[in-house]
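Here's the structure we're looking at; comments come further down.
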Amino acid sequence: MESALTAEQALALAPDGASAKAATGLASDRHWVSLGGDAEALWGECKGSGAKPYQAQVDLGALVTRCSCPSRKFPCKHALALLLMHARGGIAADARPAWVEEWLNSRRDRAEKKEQAAAKAVAAQAADPEAAAAAAAKREAARWKRIDQGTAELQRWIGDQLRRGLASFGAQQRAEWTAMAARMVDAQAPALSAQLLAATDAMAAGIAGAPAVVERFGLIWLLREAVVRRATLSPQRLADVRAALGWVYDKDDLSTLGESVSDRWIVQGQRIDERDDRLFERRVWLRGQASGRDALLHDYAYGGRGWEQQWLDGRAVEATLRFFPGSAPLRALALEQGAAQPAPRWSQPAADAIEAASLAFAANPWLQWWPLALADAIPLYENERWWLHTPAGRLPLALGDAAGWNLLARSGGRALQVMGEWDGRELRPLSAWRGEDAAHNWSLAA
């Protein structure tokens, strides 16, 4: 069977280096009881530690995988091994077994039900648009009421913490802060819950974490003031406030509020994090070749179900994106997506990149990240931490020792192009490259 994927592209889907290494070791017939594939799917039964082999399967159209193994990573090593063997031409066409057919049918059924529900919602709104608008306004007013109450309580709580002083932070305070984070979920402001949990973790380092916590508290206080004055805010600023609260616009809202941009989008880098038990967060950073726009595709997957769309680093995709509104629009949804083609990634002088990031953070003080794609950057280790030396100065890196030494070894002490997420304090590298040769392109985070 011919594959549209190369071995490098298959391994690029791995959630981490350990999974890629394990998949490479399993990419051999001797590990598999059965193997097969057709135009739509791949499947196989891999020998495991138990008596029953693991059943792995791949939907080739969406590059979504499923496996009966207990791994919480996806794609797991078994599904990755299937993709790797397929890319090498090592899987023969065969009749699809019942367990694969059942899975594919269930995926089709879910997609059809989702389309039917969307069609019913559209029909109901068209039948009585005034009633639909009134119901939506009622739901929005109820949520704002809960947010008002929750953020007012949070503002008082922050004042109490600052009056008490952060130097006394201990087990009791950790429990109180965690409880307040849970309260923000009840108040339908989940992003504030994440901010409080991050502040709690920062204080685990002791008083050294206090400056970062005070900064977070200041931004939360500012957000509360914006909630109170929301009636006077511009639509763009109100969108910033909603995003900072964790109140995401749905697709129907974006159809009227969001800006659509069709372009050839370069996949600059991506990151996958496990947030809670079996909940995975993915951030994919794109750069429009014609528009010069940066875009963030930010989505979640639960329980190993995989992603609706796959994006490969160092590839360009013809796509239409619809951007979420805001003062510095960045997050977007992919409405249409074409085939991926190899393309050189984009970078710019560090001074220009930092200036663009500074303007974005000035426009939206609650912005979490901004993409930096830096030319002529050299990694170095100094004063017990990693840095990126550029012609515009040094940037601190959020990089573990193993990844740092790996990046330094690949650079050979010479300049690279490095792309990463900048939060205003540190740069988290996601990819690095030198020239257009695929052998000199590296993903640094999955």
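Residues take their numbers from the sequence shown, with the count starting at 1.
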Starting from the C-alpha separation in whole Å, work towards a yes-or-no answer on side-chain contact (heavy atoms from CB on, under 4.5 Å) for Arg271 and Glu421.
CA-CA 10 Å; Arg271 179 176 178 83; Glu421 298 173 333; 4.2 Å; yes
Check against salt bridge (Lys or Arg N to Asp or Glu O under 4.0 Å), Arg143 and Asp148:
CA-CA 9 Å; Arg143 182 161 187 176; Asp148 265 325; over 6 Å; no
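- Taken from CG in Leu60 to CG in Leu104, the straight-line distance is 9.5 Å, to the nearest 0.5 Å.
- The backbone N or O of Ala415 lies less than 3.5 Å from no partner atom in the side chain of Asp376, so there is not a single donor-acceptor pair.
- In summary, Arg283 and Glu281 engage in a salt bridge, as defined by a charged side-chain N under 4.0 Å from a carboxylate O.
- Within the 3.5 Å criterion, the main-chain N or O of Gly292 finds a donor-acceptor partner in the side chain of Arg287.
- The distance between the ring centers of Trp285 and Trp311 does not fall below 6.0 angstrom.
- Note that Arg107 lies in the cation-pi zone of Trp103, set by a 6.0 Å cut-off to the ring centre and a 45° limit from the axis.
- Remark: Arg385 qualifies as a cation-pi partner of Trp387 under the 6.0 Å distance and 45° angle criteria applied to the six-membered ring.
- A salt bridge links Arg163 to Asp160: at least one charged side-chain nitrogen sits closer than 4.0 Å to a carboxylate oxygen.
- Side chains of Ile220 and Gln195 form a contact here, defined as non-hydrogen atoms less than 4.5 Å apart.
- In this structure the side chain of Leu196 reaches within 4.5 angstrom of the side chain of Trp157, judged on heavy atoms.
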Apply side-chain contact (heavy atoms from CB on, under 4.5 Å) to the pair Leu297 and Trp265, showing each step before the final yes or no.
CA-CA 12 Å; Leu297 306 181; Trp265 299 93; over 6 Å; no
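- Ion pairing between Arg66 and Asp59 fails under the 4.0 Å rule for side-chain N and carboxylate O.
- A salt bridge is defined here as a Lys NZ or Arg NE, NH1 or NH2 lying under 4.0 Å from an Asp or Glu carboxylate O, and Asp186 with Arg183 fails to meet this definition.
- A cation-pi contact, defined as under 6.0 Å to the ring centre and within 45° of the axis, links Arg293 to Phe323.
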